[in-house]
Amino acid sequence: DVKVTQSSRYLVKRTGEKVFLECVQDMDHENMFWYRQDPGLGLRLIYFSYDVKMKEKGDIPEGYSVSREKKERFSLILESASTNQTSMYLCASREGGGTEAFFGQGTRLTVV
Amino acid sequence: AQKITQTQPGMFVQEKEAVTLDCTYDTSDPSYGLFWYKQPSSGEMIFLIYQGSYDQQNATEGRYSLNFQKARKSANLVISASQLGDSAMYFCAMREGRLRGSNYKLTFGKGTLLTVNP
């Protein structure tokens, strides 16, 4: 079974803190994604990566950066957390050329 | 412009009846794919069904079928014989934007909350 693991299920951070959300997949997938999910807005793509050190901006990259130094790990970084970044964050991975994307369990981040 | 439109924020259905969840999409890429995912209250995203733009027949997976109407750019999900466990949020998604071979991004709609009544 493909496993996508996000480092935390729940996280509370203070405004201005630097926040790291980690995602690890165990199936050697080329593609990895970070989404945020908000009620009434669905899933919005923040960043995606199609190879190590390769990244592309999604629809809402402002306030975020990413890092993919190893194939299995894709990190989302909030350089200076703000309250409007309170949300559910979902990581996903997919084999290059594959169809199904596999999701982690999500990280519910609260910025106070 | 929205790439994926789900016009039904919420739907109700009686147990054992069929229900159709609407999805329309917008793309100029001739090669694309459409997905449906289910998200129960526990939060995990569960892949249900996939339809490629060149597939000749509508996709089916058990009680799920995808009513693909290419000219209308619609990809509605049909759930037959609804069960109480089908109560969840349902997301339509599209792959597009071929990058470096076969890598592409996934774009999601806003979702439809389905409630199955006993």
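Letters A, B, ... mirror the listed sequences (proteins, then strands); counts begin at 1. Every value quoted in this text rests on a predicted model; they were computed, and no experiment measured them.
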Look up atom [atom1] in [X] and atom [atom2] in [Y], then write down how far apart they are to the nearest 0.5 Å.
X: A:Asn31; Y: B:Arg95; atom1: CG; atom2: CZ; answer: 11.5 Å
X: A:Arg44; Y: B:Phe108; atom1: CZ; atom2: CZ; answer: 14.0 Å
X: B:Leu106; Y: A:Leu45; atom1: CG; atom2: CG; answer: 8.5 Å
X: A:Leu43; Y: B:Thr107; atom1: CG; atom2: OG1; answer: 10.5 Å

Are [X] and [Y] grouped together when hydrophobic residues (ILVMFWY) are joined by side-chain heavy atoms under 4.5 angstrom apart?
X: A:Leu78; Y: A:Ile46; answer: yes
X: B:Phe68; Y: B:Val19; answer: yes
X: A:Val66; Y: A:Tyr50; answer: no
X: A:Leu109; Y: A:Leu90; answer: no
X: A:Phe20; Y: A:Met88; answer: no

- Item | Structural part of A:Asp38 lying under 4.5 Å from a heavy atom of chain B |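 Interface part for A:Asp38: neither.
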
- Message: For the CD atom on B:Gln14, are there more than 12 heavy atoms of other groups (residues, nucleotides or ligands in this structure) within a distance under 6.0 Å?
- Response: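 Yes, CD of B:Gln14 has more than 12 neighbouring heavy atoms, counting only those of other groups under 6.0 Å.
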
- Task: Return yes when atom NZ of B:Lys73 has more than 12 non-hydrogen atoms of other residues, nucleotides or ligands closer than 6.0 Å, and no otherwise.
- Result: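 Enclosed.
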
- Can we call the ring centroids of A:Phe103 and B:Tyr37 under 6.0 Å apart?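 Yes: the rings meet the under 6.0 Å criterion.
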
- May I ask you to name which of B:Gln39, B:Gln6, B:Met89 has the most heavy-atom pairs under 4.5 Å with chain A?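 Ranked by contacts with chain A, first place is B:Gln39.
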
- Query: Between A:Gly104, A:Gly106, A:Ala101, A:Ala92, which has the largest tally of heavy atom pairs under 4.5 Å with chain B?
  - Reply: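 Maximum pair count with chain B is reached by A:Ala101.
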
- Please examine the side chains of B:Lys105 and A:Tyr47, heavy atoms only from C-beta on, and report whether any two atoms are closer than 4.5 Å.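 The answer is no; the side chains never approach within 4.5 Å.
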
- Take A:Tyr35 and B:Met45, measure what side-chain contact (heavy atoms from CB on, under 4.5 Å) needs, and give me the verdict at the end. CA-CA 12 Å; A:Tyr35 292 90; B:Met45 294 286 283; over 6 Å; no

